[in-house]
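Right, one structure below, let's go through it.
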Amino acid sequence: MQFNSHIFLLIFLPIAVIGTHFFRRRGYRQTCLFLAAMSVWFYLAGSPEGIFLLGASIYFNYYMGRSLQTAPSRRKLAAGIGFNLARHVD
């Protein structure tokens, strides 16, 4: 999905804005879950076959962040950044 497409402007963006406003009243966690779901929808609309890469990236980054919180290390940080950059090299 591109930012200038009709689907983005007329469907996705209004749902995201109204939904965010609605979920902000319910709490921080619900708002984050809603925005994460909208993000997955956005990426699925552009490239459905990329969902596995997106899932692996979310999983890796979450656990890398948790690992860095418990035991900070420049080596872990460099590995995490390197992994994320390597995904974008074609």
Side-chain angles (χ1 to χ4, degrees):
M1 179 181 322
Q2 295 180 352
F3 291 114
N4 61 351
S5 69
H6 288 103
I7 293 172
F8 176 80
L9 293 172
L10 300 175
I11 298 172
F12 180 84
L13 188 61
I15 291 172
V17 171
I18 293 167
T20 301
H21 180 71
F22 172 77
F23 281 103
R24 282 182 61 193
R25 296 177 184 205
R26 295 184 167 266
Y28 179 75
R29 181 174 173 81
Q30 287 81 8
T31 304
C32 289
L33 289 172
F34 172 73
L35 289 173
M38 293 301 291
S39 179
V40 169
W41 178 26
F42 179 81
Y43 284 106
L44 275 174
S47 175
E49 63 275 355
I51 191 65
F52 296 111
L53 181 59
L54 180 63
S57 175
I58 291 169
Y59 178 81
F60 176 81
N61 285 311
Y62 176 78
Y63 284 103
M64 182 60 73
R66 294 285 304 246
S67 174
L68 285 168
Q69 279 183 332
T70 57
S73 162
R74 286 184 183 257
R75 187 171 292 202
K76 285 184 206 175
L77 180 61
I81 292 171
F83 172 79
N84 282 297
L85 293 176
R87 291 180 315 135
H88 298 291
V89 175
D90 287 333

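The structure displayed is predicted, hence computed values, not measured ones.
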How would you list, by chain and number, every residue that makes a side-chain contact (heavy atoms from CB on, under 4.5 Å) with Arg29, sequence neighbours excluded? Leu33
State plainly whether one hydrophobic cluster holds both Tyr62 and Leu35, where clusters connect Ile, Leu, Val, Met, Phe, Trp and Tyr through side-chain heavy atoms under 4.5 angstrom apart. no
Go through the structure and list residues passing side chain to side chain donor-acceptor pair (under 3.5 Å) with Ser67, not counting sequence neighbours. Lys76
Under 3.5 Å, sequence neighbours excluded: what are the donor-acceptor pairs made by side chains of residues 5-18?
| from | atom 1 | to | atom 2 | distance (Å) |
| --- | --- | --- | --- | --- |
| Ser5 | OG | Gln2 | O | 2.9 |
| Ser5 | OG | Phe8 | N | 3.2 |

Tell me, please, which residues at least two apart from Tyr59 pass ring-ring contact (aromatic ring centres under 6.0 Å, His included). Tyr63
What pairs meet the side-chain hydrogen bond (donor to acceptor under 3.5 Å, both in side chains) rule with one or both residues in residues 15-28, with sequence neighbours excluded? His21-Arg25
For residues 40-57, which residue pairs qualify under side-chain hydrogen bond (donor to acceptor under 3.5 Å, both in side chains), counting only residues two or more places apart or in two chains? Ser47-Glu49, Ser57-Asn61, Ser57-Arg87
Within residues 9-19 or reaching into it, pairs that qualify as side-chain hydrogen bond (donor to acceptor under 3.5 Å, both in side chains) - sequence neighbours excluded: none
Apply the hydrophobic cluster definition, ILVMFWY joined by side-chain contacts under 4.5 Å directly or through others, and give me every member besides Ile81. Phe60, Met64, Leu68, Leu77, Phe83, Leu85
